[in-house]
Asker: 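Provided herewith is a single structure, encoded as structure tokens, for subsequent inquiry.
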Amino acid sequence: MSKAGMNPPGKPRLKLGVLISGRGSNLQALLDAAAYPAFPAQIALVLSNRADAYGLERAAKAGVATAVIDHKPFKGDRPAFEAAVDARLRESGVEMVCLAGFMRLLSPWFVNQWHNRMINIHPSLLPSFKGLDTHQRVLDAGGRLHGCTVHYVRAEMDAGPIIVQAAVPVLDGDDADTLAHRVLAQEHRIYPLAVRLIAEGRARIDGERVRIDGDPQDAQAALVSPAG
Ligand code: GRF
């Protein structure tokens, strides 16, 4: 880990709650980063709305606390579901929420509870291609560049101040799977980077833009365009 990634001795690590619904490969990237004692954040809780989410196994393997709050018994009562999720996060002392493939839309009430303390990773270069099926939609549109974004969450879906983005090329012969694979490798790189910048107090929200304070190399690393 670089010097910039060191947590000063004695400084408490930022407590994260990671919300998932499935595979959890981005969760794994955060677990791997947090496994370094010098990483300035730790995962206090992994919460899934599905009991069969593979990410729960990843968390358990890493010795991280898990919780399942299934949305189905709430029978469409979203406020009650979200109040239960909110309460569980607070019980665990969570200071910042990371959405990592959490497949429930969150109400303005929930977003407001975690204003500027909740981030998401989205598989496109926002503000382009909000929503689902981003890889196929980029291919259909004939895009030459694609990528991923870590951003603060606002009530509007896939909107909010952008913290880190990475771009990848769209190659001739790509299909949605090959493109998703190339983007996912970058997701796993930029999610821990965004968490680190926030935990170090260096991702400053200025209006609805994020400024990266400190080492300019980190700000540079926040806009990545790998060759392949
Ligand atoms: C990722 O593509 C992420 O960008 C999107 O949902 C997917 C989650 O994948 N929000 P995983 O569960 O982290 O593997």
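One-based numbering, in listed order, for ligands and for the atoms of each. Only this structure's heavy atoms are used, side chains among them; waters, hydrogens and symmetry mates stay out.
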Asker: Considering non-hydrogen atoms of the protein only, which is the closest contact for atom 6 (O) of ligand 1, and what is the distance?
Answerer: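 Minimum-distance protein heavy atom for atom 6 (O) of ligand 1 reads Gly101 CA, 3.6 Å.
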Asker: Residues in ring-ring contact (aromatic ring centres under 6.0 Å, His included) with Phe102, at least two apart?
Answerer: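 None.
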Asker: Between Trp114 and Arg90, is there a cation-pi geometry (under 6.0 Å to ring centre, at most 45° from the normal)?
Answerer: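 The answer is yes; both the distance and angle limits are met.
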Asker: Before you tell me yes or no, could you show the steps for Gln165 and Ile190 under side-chain contact (heavy atoms from CB on, under 4.5 Å), namely the whole-Å CA-CA distance, both residues' side-chain angles and the distance that decides it to 0.1 Å?
Answerer: CA-CA 7 Å; Gln165 293 188 303; Ile190 68 169; 5.5 Å; no
Asker: With sequence neighbours left out, write down each residue that passes ring-ring contact (aromatic ring centres under 6.0 Å, His included) with His122, or none if nothing qualifies.
Answerer: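 For His122 there are no ring-ring contact (aromatic ring centres under 6.0 Å, His included) partners, ignoring immediate neighbours.
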Asker: What protein heavy atom sits nearest atom 11 (P) of ligand 1, and how far off is it?
Answerer: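 Here the closest protein heavy atom is Ser25 N, 3.4 Å.
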Asker: Check whether Arg117 reaches the backbone of Val94 with its side chain - one donor and one acceptor, N or O, closer than 3.5 Å.
Answerer: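 Not a single qualifying donor-acceptor pair exists.
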Asker: With a 4.0 Å cut-off on N to O distance, would you call Arg58 and Asp32 a salt bridge?
Answerer: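 Judged by the 4.0 Å cut-off on N to carboxylate O distance, Arg58 and Asp32 do not form a salt bridge.
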Asker: State whether the shortest distance between N or O atoms of Gly24 and N or O atoms of ligand 1 falls below 3.5 angstrom.
Answerer: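 Min N/O separation from ligand 1 is below 3.5 Å for Gly24.
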Asker: Can an N or O of Arg23 be found at a distance shorter than 3.5 Å from an N or O of ligand 1?
Answerer: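 Yes; at least one N/O pair falls below 3.5 Å.
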Asker: Starting from atom 3 (C) of ligand 1, what is the nearest protein heavy atom, named by residue and atom, and what distance separates them?
Answerer: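 Its nearest protein heavy-atom neighbour is Glu187 OE1, 3.2 Å.
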Asker: Nearest protein heavy atom to atom 13 (O) of ligand 1, by residue and atom, and its distance?
Answerer: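 In this structure, atom 13 (O) of ligand 1 has Asn26 N, 2.8 Å as its nearest protein heavy atom.
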Asker: Looking only at N/O atoms, are Ile121 and ligand 1 under 3.5 Å apart anywhere?
Answerer: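 N/O-N/O distance below 3.5 Å exists for this pair.
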